[in-house]
Engineer: 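First, the structure itself, so that you have it in front of you.
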Amino acid sequence: MLAYLCREFDNLDHGDDYDNVQPTYQVGFLGFSLFEDHPEFCARYQMRNEKDGYLYTDRFNLIVIELMHEGLATKEDIACGIDKWVRLFKAKTWEDLKMVAQDNPYMTSTVESMYLSNTDRNILKVAREREDFLRSQAYKDKKLKTQEAEIKSLTSEVDRLRKLLEDNGITP
C-alpha cells in the first residue's frame, strides 16, 4: 500500500514547485487485521513526529479499512458510506457486485474497473503508461506555451528597438 501511495504522491510535472503537490490518499480494503493487537474498522495514517505526534503533512494519507471489523464502524464511517464499500468488497460474485453497486455511479465505475483489470492484466499496465504519457505531454505543452509567450514578448521588444533606432536615423 505504501508503494502505491508513494507512486501517486509523486504527482508533480517536471519543473513544478513542490508546493503544488496534491493530497494523496491510498485506501486499502484488507481481508485481515493490519495490527492484531489494534483492530479497527477504518484507520487513517499520516506522517507524524515520533516524539510529539506533530503532523508533518496532511497530503500523504494511508487509509486502511479492515473488512472483518465492520462491527467497529463509527457513526462517521457509516455516514460516509464506508460500510457500503465494505459490502462491495465482500461480494463473492460479479452479480453480487453489480447489485451492491447499483444506483451508485462511483461503485458502478469501480466494479467495471475491477472487471476489466481482472480480465486483462495488461490493461493496468497500459493505463499507467497512458497516465505517464499524458502527464509528460501536459508538461511539454505548458512549457511550449511559456516559450511561445516569451518569443512573442522578445519579438515585440526587438520591433520596438528597431523603430527606436529608425526614428533616430540609425539603420539596424
Engineer: Out of curiosity, does Val64 fall in the hydrophobic cluster containing Leu2 (side-chain heavy atoms, cut-off under 4.5 Å, transitive links)?
Structural biologist: yes
Engineer: Quick one: side chain to side chain contact (heavy atoms under 4.5 Å, CB included) partners of Ile78, sequence neighbours excluded?
Structural biologist: Ala73, Asp83
Engineer: Taking side chain to side chain contact (heavy atoms under 4.5 Å, CB included) as the test, write out the residues that go with Phe35, two or more places apart.
Structural biologist: Asp37, His38, Tyr45
Engineer: What residues, two or more places apart in sequence or in another chain, satisfy side chain to side chain donor-acceptor pair (under 3.5 Å) together with Lys84?
Structural biologist: none
Engineer: So if you build clusters from Ile, Leu, Val, Met, Phe, Trp, Tyr with side-chain heavy-atom gaps below 4.5 Å, do Ile63 and Leu55 land together?
Structural biologist: no
Engineer: For residues 51-80, pull every pair meeting ring pair (Phe, Tyr, Trp, His ring centres under 6.0 Å), keeping only residues two or more places apart or in separate chains.
Structural biologist: Phe9-Phe60
Engineer: Could you note down all residue pairs passing ring pair (Phe, Tyr, Trp, His ring centres under 6.0 Å) where residues 127-148 supplies at least one of them, sequence neighbours left out?
Structural biologist: His14-Tyr139
Engineer: In terms of heavy-atom contacts, does OH of Tyr25 have more than 12 from other residues, nucleotides or ligands at under 6.0 Å?
Structural biologist: yes
Engineer: Would Leu164 and Val158 show up in the same hydrophobic cluster when neighbours are defined by side-chain heavy atoms closer than 4.5 Å?
Structural biologist: no
Engineer: With sequence neighbours left out, which residue pairs that include part of residues 15-26 fulfil the salt bridge (Lys or Arg N to Asp or Glu O under 4.0 Å) condition?
Structural biologist: Asp16-Lys142
Engineer: Among all residues two or more places apart in sequence or in another chain, which pass the side chain to side chain contact (heavy atoms under 4.5 Å, CB included) test with Thr108?
Structural biologist: Ala101, Glu112
Engineer: Do Met1 and Leu30 have side-chain heavy atoms sitting under 4.5 Å apart?
Structural biologist: yes
Engineer: Just to verify, what does Gln26 make a side chain to side chain donor-acceptor pair (under 3.5 Å) with, not counting sequence neighbours?
Structural biologist: none
Engineer: Tell me the salt bridge (Lys or Arg N to Asp or Glu O under 4.0 Å) pairs involving residues 43-60, sequence neighbours left out?
Structural biologist: none
Engineer: Could you tell me whether Lys98 atom NZ has more than 12 heavy atoms of other residues or ligands within 6.0 Å of it?
Structural biologist: no
Engineer: Contact between Glu70 and Phe41 at the side-chain level, heavy atoms closer than 4.5 Å - yes or no?
Structural biologist: yes
Engineer: To the nearest 0.5 Å, what is the distance between CG on Leu34 and CG on Leu62?
Structural biologist: 8.0 Å
Engineer: What I want to find out is whether Glu166 reaches Arg162 closely enough, with some N-O distance under 4.0 Å, to be called a salt bridge.
Structural biologist: no
Engineer: Might you confirm whether atom CD of Glu76 has over 12 heavy atoms from other residues, nucleotides or ligands at distances under 6.0 Å?
Structural biologist: no
Engineer: Within the structure provided, determine whether Thr24 and Asn61 are in side-chain contact (heavy-atom separation under 4.5 Å).
Structural biologist: no
Engineer: According to salt bridge (Lys or Arg N to Asp or Glu O under 4.0 Å), does anything in residues 149-158 pair up with another residue at least two apart or in another chain? List the pairs.
Structural biologist: Glu157-Arg160
Engineer: List the residues meeting ring-ring contact (aromatic ring centres under 6.0 Å, His included) with Phe89, not counting sequence neighbours, and say none if there are none.
Structural biologist: Phe29
Engineer: Is the shortest side-chain N to carboxylate O distance from Lys163 to Asp159 below 4.0 Å?
Structural biologist: no
Engineer: For the CE atom on Met99, are there more than 12 heavy atoms of other groups (residues, nucleotides or ligands in this structure) within a distance under 6.0 Å?
Structural biologist: no
Engineer: Would you please name every residue forming a side chain to side chain contact (heavy atoms under 4.5 Å, CB included) with Asp132, sequence neighbours left out?
Structural biologist: none
